[in-house]
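Right, one structure below, let's go through it.
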Amino acid sequence: MSELYDVIIVGGGPAGLTAALSAQQNGAKKILVLERDREPGGILQQCVHNGFGLHHFKEELTGPGYAQRCYDLVKDLPEVEILVDTMVLEVRKDKTVRAVSPTRGVMELHGKSVVLTMGCRERTRGAIRIPGTRPAGVYTAGAAQRMVNMEGYIPGRKIVILGSGDIGLIMARRMSLEGCKVQAVLEICPFSNGLTRNIVQCLNDYDIPLHLSHTIVAIHGKDRVTGVTVAKVDEKSRPIPGTEFEIDCDTVLLSVGLIPENELSRGLGLQMHPLTSGPIVDQRRETSEPGIFAAGNVVHVHDLVDFVSDEAEIAGKFAAKAALGAGGGAARDLAVTTGENIRTCVPQHLRLGAETESVRLFMRVTQPLRGKLKLKVESGGEEVFSKPLMIAKPSEMIAVDLPEAKVGALTSDLTVSLTEGN
Amino acid sequence: MGRQADVVVIGGGITGTATLAALARLDLSCVLTEKEPDIAAGTTKANSAVLHAGFDAPTGSMKAKMNVEGNRLYHELQDELGLDIQWTGSLVCATTEEEKAQIEELKARGEANGVPGMEIWDGDKARAKEPNLSAAVCSALWAPTAGICWPFGMAEAFAENALENGAEILRDCEVTGIRAEDGQGFTIETTQGTIRARFVVNAAGVFADKVAAMAGDTSFSIHPRKGEYILFDKTAQDKMVRGIVFPAPTQTTKGILVCATTHGNTFVGPNAQEQDSRDDTAVTTAGMDEIIAGAKKLVPELPMGASITEFAGIRAVSDTNDFIVGESKTVKGLYHAAGIQSPGLTSAPAIARLLAEEIAKAAGAKAKAKVVKGRPAQPIFRELSAEEQAALIKKDARYGRIICRCETITEGEIVDAIKRPCGARTVDGVKRRIRAGMGRCQGGFCGPRVIEILSRELGIPVPKVRKDGADSYMYEEKLGGGRK
Ligand SMILES: Cc1cc2nc3c(=O)[nH]c(=O)nc-3n(C[C@H](O)[C@H](O)[C@H](O)COP(=O)(O)OP(=O)(O)OC[C@H]3O[C@@H](n4cnc5c(N)ncnc54)[C@H](O)[C@@H]3O)c2cc1C
Ligand SMILES: Cc1cc2nc3c(=O)[nH]c(=O)nc-3n(C[C@H](O)[C@H](O)[C@H](O)COP(=O)(O)OP(=O)(O)OC[C@H]3O[C@@H](n4cnc5c(N)ncnc54)[C@H](O)[C@@H]3O)c2cc1C
């Protein structure tokens with residue numbers, strides 16, 4: 001196997017599958033998707049709840065349902081080949097992709113362009129340093145989700161969940177439905193990091209207490225968890241002495257954040273962004289390395305798979321164009337920087353040529369804001385675009401589209417900000 | 001009725017396994033019992049993993065002798081047993097005039113103990129070796145014979161070599177009573193039945209005084225002293241150290257060090273906390289703060305964002321503060337390797353040799369006619385060339401399936417780790433043998449797959465798969481029943 005592919009896609013989650021479809025629709029003839037798991041679909045395979053696809057497919061689907069939809073759209077296309085049980089070990093600048101599988105052994109594949117869609121992984125206990133013993137019974141929420149939803153086992157009976165991110169909230173409901181007692185969800189921030197609908201549907205509906213500004217200060221138990229000590233924290237997230245209390249439990253689930261899976265990107269020497277932990281990309285989702293594109297959770301952690309698909313469509317399209325030699329030179333390279341209240345914005349820069357299209361910016365805010373808000377895009381000191389907002393939360397990504405006409409007229413760097421009042 | 005052996009070794013830490021390997025080379029039948037599901041589940045799994053040069057312990061002490069001799073023996077054994085050791089050398093750093101005098105003293109003591117090649121360096125020379133060292137470091141003691149190692153892997157190597165030479169290892173087998181039969185050997189009660197033996201080796205770590213007392217020897221007691229650590233990801237190595245960096249020592253410890261591991265990670269720690277419990281390895285907030293503050297004196301810019309886990313180990317300190325090695329003064333045939341605190345890891349092969357010699361003499365035993373020196377090869381996929389990888393996958397397709405993506409570990413390696421002579425039986429056992437689950441995601445992705453493979457290869461249902469300790473079951477059947 002040393003044939004030349006138009007586009008090689010690393011990772012067969014929703015981002016990878018959608019990028020494959022988009023590449024095909026944009027003229028690529030030989031597209032290869034490499035997926036390390038036993039089947040394509042990515043992390044969605046274990047998200048058996050519904051609420052997916054409202055934007056992208058205009059229909060409410062479960063996670064596996066959404067993944068299936070992505071897969072069905074490409075599985076019979078003659079231009080698309082999908083190899084599962086295949087782990088990519090290395091991607092080189094010349095777009096050689098080294099992968100291994102039980103049936104094909106070690107492969108060296110060559111692409112005209114490459115799309116990175118490796119998704120993300122969960123932060124673990126060690127990364128947040130929880131004191132105490134190291135017994136069985138402490139799992140990341142995603143690992144437990146896989147065991148419950150795909151393998152059919154439960155992690156325990158009396159559960160405490162640390163972190164109110166969406167996976168934690170979804171697992172609170174899941175464990176309740178399995179007949180387990182969820183004792184509490186603890187969140188170190190003064191606000192939840194999950195979608196509002198998940199707080200309502202996963203906690204309130206099941207009478208599960210959510211303790212904001214609280215964290216676990218010790219895990220107890222020698223072989224198996226027997227309980228946790230919890231304390232309130234101050235503004236700097238430090239436990240306040242004297243506020244400790246004990247919660248009895250046999251299981252602790254951690255939902256304390258996701259980190260883009262970028263070993264391969266680092267191996268490639270791509271420029272990375274310190275806050276998104278993903279590669280820096282332009283509006284076409286091209287990385288700092290020409291012909292290497294990236295989309296989905298590997299670029300920045302998404303809360304909605306629909307946006308993942310949107311981003312993958314872009315990456316797939318421009319990867320196909322690059323492969324077909326229709327990349328189009330970029331005359332102007334404009335940085336997109338973050339201003340007031342904006343923590344991250346993807347893409348981080350725009351490379352504009354003769355042809356221009358509308359550009360979608362994905363942003364996350366630094367803190368929850370409410371009231372009369374104004375999202376503003378400035379270029380060369382002038383406002384080029386604005387949008388009123390009522391509410392903004394770090395957990396919910398904001399997407400805005402800069403119209404084509406505006407994009408065409410841009411000549412200097414952009415700054416995005418969210419201001420209160422007018 | 002029951003088992004019979006010439007020697008029973010109690011405790012499967014580095015001391016017990018090294019001693020078993022030495023004894024198994026004699027024409028004696030040997031059994032090792034370990035109460036936990038796996039070997040090296042006690043202090044041997046959580047320590048600084050430094051093979052000390054030998055300048056710390058007072059000249060003439062058992063510690064000093066065993067340390068220097070053990071260090072020398074590891075240089076010999078490394079190839080024979082395939083031990084994971086890197087001879088990095090160590091630095092002890094001084095930041096004040098007083099500390100400078102202290103390290104001069106250490107050097108003199110090291111020379112008296114027989115440590116070769118030590119030098120005193122100035123601060124700049126030390127920083128040339130370790131660029132992230134504090135500007136405050138003004139002088140350092142360089143000891144080239146020190147090294148870093150993977151302690152679990154060394155205990156595993158000793159255990160496997162012992163098995164190759166006919167010894168037996170019983171895990172999940174706790175010794176609950178020992179009856180000395182009036183010069184007629186011992187009857188040892190265990191959770192797996194009775195064993196009759198002529199000689200007993202007590203290598204029970206922090207429980208060595210309890211085991212001694214079972215046999216009627218109450219001449220010493222063990223005082224647990226905890227040490228805590230923080231481990232950092234490989235990506236942080238450029239901001240940390242490549243070798244071993246100590247501060248000037250205190251009265252009780254060698255201080256909080258900043259140190260590399262043989263796997264490319266780095267760690268900081270340990271502190272020293274007296275406690276009553278012998279198995280409470282809980283990590284504390286106060287402890288974390290203490291070791292971070294301590295380590296910052298050596299490396300001011302610690303990359304805290306890259307920490308991946310923390311852990312603690314318990315030192316088994318004897319009343320005399322020295323090792324107790326040799327035959328019991330009161331119970332004939334009972335041999336102690338007790339009070340084996342630091343540098344116990346370094347000393348293990350020397351302690352093993354000494355005990356094997358004493359027991360050989362008492363038993364009138366000779367070397368086996370045919371001694372196996374090594375142990376079965378262990379393919380490490382990520383370290384093979386492309387051709388070797390291809391050949392391996394052709395032979396066994398499971399080497400083509402990567403299970404742990406952080407460390408690039410294949411299903412073939414996991415199965416091998418389980419099927420080896422002293423194979424893994426727990427999730428942490430797999431992790432310690434081949435690092436699956438040891439990387440950035442700490443088993444987040446591969447954990448469920450490793451459980452599935454353990455269940456399949458051991459022929460036990462998933463709810464019977466354990467994390468580490470005897471009762472550390474991980475998952476339950478969904479519907480009632482639990483794990484019965
Ligand atoms: C535990 C968890 C729960 C989530 N729950 C929800 C939810 O309820 N609702 C929601 O909208 N979003 C949820 N998300 C967000 C979700 O990640 C996105 O919606 C979407 O799945 C991201 O798609 P992706 O393709 O970028 O990444 P993924 O779905 O993670 O797919 C990445 C794929 O790349 C593969 N891969 C990685 N490295 C390699 C390699 N070296 N070689 C080959 N293949 C590789 C992986 O196996 C994986 O299949 C969840 C995320 C996680 C982690
Ligand atoms: C914080 C710290 C740092 C250290 N750093 C270093 C270092 O850098 N270099 C160095 O050389 N040394 C170091 N040491 C010392 C070294 O780790 C120990 O000396 C060594 O691991 C002791 O090994 P052991 O086999 O004697 O004890 P253990 O490893 O504790 O083994 C004893 C075994 O006996 C078993 N056992 C107990 N009771 C019974 C019973 N009744 N029946 C059956 N089995 C039983 C236990 O389960 C255990 O597995 C350090 C120690 C600590 C705590």
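Lettering follows sequence order; numbering is per chain, from 1.
Ranked by heavy-atom pairs shorter than 4.5 Å toward chain B, the options A:Thr103, A:Ile154, A:Asp85 are led by A:Ile154. Among the candidates A:Gly179, A:Ala136, A:Cys180, the residue making the largest number of heavy-atom pairs closer than 4.5 Å to chain B is A:Ala136. Heavy-atom pairs under 4.5 Å with chain A were tallied for B:Thr284, B:Asp428, B:Asp471, B:Leu392; the largest tally goes to B:Asp471. No other option in A:Gly132, A:Gly152, A:Ser101 has as many heavy-atom pairs under 4.5 Å with chain B as A:Gly132. Between chain A and the options B:Glu228, B:Arg401, B:Lys467, B:Arg382, the largest number of non-hydrogen pairs under 4.5 Å is found for B:Arg401.
For a residue to count as touching a neighbouring chain, one of its non-hydrogen atoms must lie under 4.5 Å from one of that chain's; by this rule A:Val148 touches chain B with backbone and side chain alike. Interface remark: B:Asp280 contributes side-chain atoms only to the contact with chain A (heavy atom separation under 4.5 Å). Contacts of B:Phe381 with chain A are made by side-chain atoms alone, with heavy-atom separations under 4.5 Å and no backbone atom involved. Only the side chain of B:Ile230 comes within contact range of chain A, with heavy atoms under 4.5 Å apart. Heavy atoms of B:Ala312 lying under 4.5 Å from chain A are absent altogether. Interface remark: B:Asp468 contributes no atoms to any contact with chain A (heavy atom separation under 4.5 Å). Heavy atoms of B:Glu36 lying under 4.5 Å from chain A belong exclusively to its side chain. Contact of B:Leu384 with chain A is not made at all, since no heavy-atom distance falls under 4.5 Å. With a 4.5 angstrom heavy-atom cutoff, B:Arg466 does not touch chain A via any of its atoms. Residue contact with chain A, scored on non-hydrogen atoms closer than 4.5 Å, involves the side chain of B:Glu452 exclusively. Only the side chain of A:Arg38 comes within less than 4.5 Å of a heavy atom in chain B; its backbone stays farther off. For a residue to count as touching a neighbouring chain, one of its non-hydrogen atoms must lie under 4.5 Å from one of that chain's; by this rule A:Ile219 does not touch chain B. With a 4.5 Å cut-off on non-hydrogen atoms, B:Thr408 touches chain A through its side chain but not through its backbone.
Closest approach of B:Thr426 to B:Pro37, counting heavy atoms only: CG2-CB, 3.8 Å. Across all their heavy atoms, A:Gly221 and A:Thr133 have their closest contact at O-OG1, 2.6 Å. In terms of heavy-atom proximity, B:Leu302 sits nearest to B:Ile292 at CD1-O, 3.9 Å. When all heavy atoms of B:Val427 and B:Leu454 are compared, the closest pair comes out as N-CD1, 3.6 Å.
A salt bridge links A:Glu90 and A:Arg92; the closest N-O separation between the charged side-chain nitrogens and carboxylate oxygens is under 4.0 Å.
Taking 4.5 Å as the limit, every side-chain heavy atom of B:Cys259 sits out of range of all side-chain heavy atoms of B:Thr266.
Heavy atoms of other residues, nucleotides or ligands lying less than 6.0 angstrom from CG of B:Asp276 number 12 at most.
Relative orientation of the B:Tyr475 and A:Tyr139 rings is tilted, given thresholds of 30° and 60° on the angle between their planes.
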For this session: Would you please test B:Thr309 and A:Arg134 for side chain to side chain donor-acceptor pair (under 3.5 Å) and show each step?
Result: CA-CA 10 Å; B:Thr309 187; A:Arg134 315 194 56 76; 3.0 Å; yes
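Inspection of the A:Glu35 and A:Thr86 side chains reveals no N or O donor paired with an N or O acceptor under 3.5 Å. Side-chain polar atoms of A:Thr96 and A:His110 form a donor-acceptor pair below 3.5 angstrom.
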